[in-house]
Structures are given as structure tokens and as C-alpha cells.
Q: 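Take this structure first; my questions come after.
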Protein chains: 2
Amino acid sequence: MARRTKEQAEQTRDALLDAAGQLFFSRGVGGTSLDDIAHAAGVTRGAVYWHFRNKADLFEALYERARLPQNDLLDGLLAAEAAADFLPSLERLCNDALGVLVADPARQRLFTILYLRQELVAELAAVIAARRAAHRDLRERVIARLNSATLAPPWTPRSAGFALVALWQGLVNEWLAEPGQFDLAGVGRQCFAGLFASLAGSGEAAAPPPWALPEKSA
Amino acid sequence: MARRTKEQAEQTRDALLDAAGQLFFSRGVGGTSLDDIAHAAGVTRGAVYWHFRNKADLFEALYERARLPQNDLLDGLLAAEAAADFLPSLERLCNDALGVLVADPARQRLFTILYLRQELVAELAAVIAARRAAHRDLRERVIARLNSATLAPPWTPRSAGFALVALWQGLVNEWLAEPGQFDLAGVGRQCFAGLFASLAGSGEAAAPPPWALPEKSA
DNA sequence: GTTTACATACAGTTGCGCATGTATATCAAT
DNA sequence: ATTGATATACATGCGCAACTGTATGTAAAC
């Protein structure tokens, strides 16, 4: 082989990232050699070292390619002035985020790597640390925003924020750990419905939100 | 060095397991060589291969050494006949489990490895799969047990069980990811108080359980 | 005397980083 | 439009380091 056109080069770069995503997911980052990636993409290690400096650089590129558009939505919601319907909006956002995840296998693979396979290889350290900081920041902002919302006892902004983030994270982890073993969006909708009903104080008969779909059976 | 007495041999075995636990935690399972472990325990790789067949065998021994006594408690609670105070008992059990974890650094390290560093190395595959199955089984049993409890709407046994397990898991993961950055037992107590109050339908003023400690500030 | 509890020594493999080869795309100059 | 020069997009090959598994040595416990 010899030199290829620019579009072809971009295609091989994408192919390398795709192959890396699949292999990192199925064999782990530390368990995947650059030769594995190159072979899966139909090239050799030379191509890898042309497009990326090393495995860490490759992984960072993979991370950058999957930035969550959902983050912008949350930013907007948190930045908005105190509105009476903050809690319903937040509930809808939680459910939407689950929907986005369910519909995007590539994101599921990356989340699996980032959430429950935080290998302590040097390649991942920077990305893991950045994501952890972002996560912590998000949680704190949710708590801060909940300070200006009316919560039913015994909830406090702090406990409610922790419960929300932990519930979302726990559900996602549970689902990623046993892929497709239950209906994440449906279960999540029920759980968030219960939690938000409790937060709002409507303990008894909360009217189902208009976007609620008919409940799937187990 | 030459042959040592049986008690000394048992000590070196324990020292190897201790060293492995520390190193697996700080550098990852794939990132620590058997030579690292042996050196940290003050012996050579020969000792490792005497006590264990390989790294996988060593890790399984490490896992066996830290079986949760809490599991037995939960088994008893789930097996007991339907009692009116099932929900309060379950709430106490959740808090107790958090307390056990907070007090045991070795268990924290192992949980960190098992929960958020599921490296896909062959050494871990068996243990990870076993733990995942056990976790799934526990969730299903909690749901089954909730079928004979009275839950306030909109909760169902299924959504309540998922929410409980996900909340516990999410809180623990959050805390393990940022070690010591918040008071896990205190935050957990608040979150579970809110969730269980919602499950029981006492939306307004739930009397604090007698074992509740004074709330720590952030 | 035999087994035990290691230490030491010896291949064998694997993967990384880099250096080098090479054919072609790109482009300026004619 | 053709041509030459150069940069590009890889492929190939090499040395090196690390790690594993095993084989063997050995002194003390039993």
C-alpha cells in the first residue's frame, strides 16, 4: 500500500477509533494491543502511530468523539432561573438521558469502560480523573439548584441531590453490567416517578406525567 | 533463606494476600506483576507460586477472604416470614451495610476493584461473573420479598427493588470513586430515610428511627 | 531421610517505541 | 497539461524491556 487520499485517511482514522472502541469494550483497554486495533481496522501498527502518538492519545480521541449533548441540556436547566416546574423538568431530563443511552451502543460501550471498568493503566488516568471531576461538579450543581426548590420532608437538597445522582448512576451501572437484561428506560421511569413524587411531597396519587408511556411488563 | 515453620508459612501467605490487595487497588490487577506482590511481601516470586497457582488463583483467594457477613443477615431477613416491620428492618440493614463498609479499608479496596474497576483480564473473569450473578440474585429476591409488603403508590415491588439496589450501589460507587470526600453513612442514612418514607407512604413527617444518629454537617 | 517453603535461574512470549522503507497524492513550476 | 519535488499515509523491521511459567537448587522443619 502507499499513500491514500485525505478522505481515505480520515476513514482509516475513524476505523481505528471504531475498532478501538469495540476491542476496549470486549477485551479491556489493558488487554488490547495496538496491533489488535490495527488488525481489526484492516491496517498495521504503522497507521496507528501515524494518527495517534500512543494508546493514551487514542483513548482520549475516543473520549472526545462521544461528548454528551445531554450535558448541554442539563447546563441550560441548571442555569435557568428558579422555575416552579424545575423538578418535573429534571425528571424528564433524567428519563431522556436514559433514552439517549439506550439508543446508542457506542455510548454504552464507552460508558461501560468509564463507569465500571476504570482500569488503572496510565492510558486512562487523565480521562478518568477528568470525568470524575465533571461528575462531582454536576452533583454539586444539582444540589445547589435544589436549594431553591421546595422539597417535602425528610428530604434536604443535599440528600435529594445525592439520591438522584446515585439512583441514576446505580441504574445505569446495573443495566450496563447485565446488558439488555431489563428495560432500562421503563424501570428508570418508574423509579424516577417514585422518587420525584416523594421529593415533591405528592405521596399518594401522583398524576402520571403526560409523556409517560404505557408500562411494559417485566 | 530456608524452610520456615507452618505458622510462618501461613504468615507469608497472608502477607502475600495483603500486599496483593494493596497493589491491586493502587495499580490495578493487570498493572501489578507477581514480582511486585512478592517484593512488597518481602519474598520472591517463588513463594507466590508455592502458595498459589497463578494470579487468578491469588485473586480468588483474596475474594474468598472477604465474604460479606452482611449477606447472611440479608438472607435471614429475606427468608423470614412476612413481618409488618420488614421495611424498617431493610432500612436498618442498608445503613448497617454502609457502616460495615466504612469501617473496613480492606473491604473498600476489594469493592473498588470489583465494582468500578472490572478489568477484563482473564484473572478476574470468573470472580466478576460470580459476583454479578450473586448481585442479580439478591435484587430479584428483594423484589420477590417486596411483593408481600405494602407499598405506597406509585411504587411497585419491581420499581422499589430496583430503586433500593441502585441507590445503594450508586451511593457506594460515588463514595469509592472519591474516597472520603463525603460522609457515606450520614448521606446514606438521609437518602434511605427519604426513600423508605416514600415506600411506606408516610410522605409528610416520618418519625426518625431510634437508631438515627445526630446528622453530621456537610 | 524426606518433605516443605521458599530462592534462583532459564527460556519463551508479548507488546511498545522508533527507525526506516515506499508508493502515491498533492502541488508548484514550467 | 505535464513534470518534477515534496509531503503524506501508511507498511515493515528491529531492539528492548517486562512478565510469565517452570525447572532446579537448598536449607531447615518434621
Q: Can you name the side chain to side chain donor-acceptor pair (under 3.5 Å) partners of B:Arg131, sequence neighbours left out?
A: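 With sequence neighbours excluded, B:Arg131 shows a side chain to side chain donor-acceptor pair (under 3.5 Å) to no residue whatsoever.
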Q: Output yes when B:Asp96 and B:Arg92 qualify as a salt bridge under the 4.0 Å nitrogen-oxygen rule, no when they do not.
A: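 So B:Asp96 does not pair with B:Arg92 through a salt bridge.
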Q: Please collect all salt bridge (Lys or Arg N to Asp or Glu O under 4.0 Å) contacts where either partner lies in residues 165-179 of chain B, sequence neighbours excluded, each pair once.
A: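 Residue pairs passing salt bridge (Lys or Arg N to Asp or Glu O under 4.0 Å), neighbours aside: A:Arg136-B:Glu178, A:Arg139-B:Glu174, A:Arg139-B:Glu178.
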Q: Can you check side chain to side chain contact (heavy atoms under 4.5 Å, CB included) on B:Ser198 and A:Leu195, steps first, answer last?
A: CA-CA 8 Å; B:Ser198 174; A:Leu195 181 59; over 6 Å; no
Q: Do you know which of B:Thr12, B:Val43, B:Leu58 makes side chain to side chain contact (heavy atoms under 4.5 Å, CB included) with B:His51?
A: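 Single side chain to side chain contact (heavy atoms under 4.5 Å, CB included) partner of B:His51 among B:Thr12, B:Val43, B:Leu58: B:Thr12.
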Q: Contact list please: residues 12-25 of chain B against DNA chain C, heavy atoms, distance less than 4.0 Å, in numerical order.
A: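 Per residue number, the list reads B:Thr12.
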Q: Starting from C1' on D:dA29, measure out to CD on B:Glu7 and report it in whole angstrom.
A: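 Rounded to the whole Å, the gap is 11 Å.
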Q: Could you tell me the separation between the NE2 atom of A:His39 and the C1' atom of D:dA11, rounded to a whole number of Å?
A: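 Spelled out: NE2 on A:His39 to C1' on D:dA11 is 14 Å.
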Q: Tell me whether B:Trp175 contacts the main-chain N or O of B:Phe182 through its side chain, where contact means a donor paired with an acceptor under 3.5 Å.
A: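 Pair found, side chain donor or acceptor close to backbone of B:Phe182.
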Q: For residues 160-170 of chain A, which residue pairs pass the salt bridge (Lys or Arg N to Asp or Glu O under 4.0 Å) check, not counting sequence neighbours?
A: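 Salt bridge (Lys or Arg N to Asp or Glu O under 4.0 Å) check on residues 160-170 of chain A returns no pairs.
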Q: Distance-only criterion, 3.5 Å: show the donor-acceptor pairs between side-chain atoms of residues 15-36 of chain A and protein atoms not counting sequence neighbours.
A:
from, atom 1, to, atom 2, distance (Å)
A:Asp18, OD1, A:Arg65, NH1, 3.4
A:Asp18, OD1, A:Arg65, NH2, 2.8
A:Ser26, OG, A:Gln22, O, 3.1
A:Arg27, NH1, A:Asp36, OD2, 3.4
A:Thr32, OG1, A:Leu23, O, 3.4
A:Thr32, OG1, A:Gly28, O, 2.6
A:Ser33, OG, A:Asp35, N, 3.4
A:Ser33, OG, A:Asp36, N, 3.1
A:Ser33, OG, A:Asp36, OD1, 3.4
A:Ser33, OG, A:Asp36, OD2, 3.1
A:Asp36, OD2, A:Ser33, N, 3.1

Q: Which nucleotide sits closest to the side chain of B:Trp50: C:dA7, C:dA5, D:dA9?
A: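 Nearest listed nucleotide: C:dA5.
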Q: Look at the side-chain N and O atoms of B:His51 and state whether any lies under 4.0 Å from the OP1 or OP2 oxygen of C:dC6.
A: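 Yes, because at least one side-chain N or O of B:His51 sits under 4.0 Å from OP1 or OP2 of C:dC6.
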Q: Under 3.5 Å, which N/O atoms of the protein pair with N/O atoms of nucleotides 14-21 of chain D?
A:
from, atom 1, to, atom 2, distance (Å)
D:dT20, OP1, B:Leu34, N, 3.4
D:dT20, OP2, B:Leu34, N, 3.4
D:dG21, OP2, B:Tyr49, OH, 2.4
D:dG21, N7, B:Arg45, NH2, 2.6
D:dG21, O6, B:Arg45, NH2, 2.9

Q: Rounded to the nearest Å, what distance is computed from the CD1 atom of residue A:Ile37 to the P atom of nucleotide C:dG17?
A: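 A:Ile37 atom CD1 is separated from C:dG17 atom P by 12 Å.
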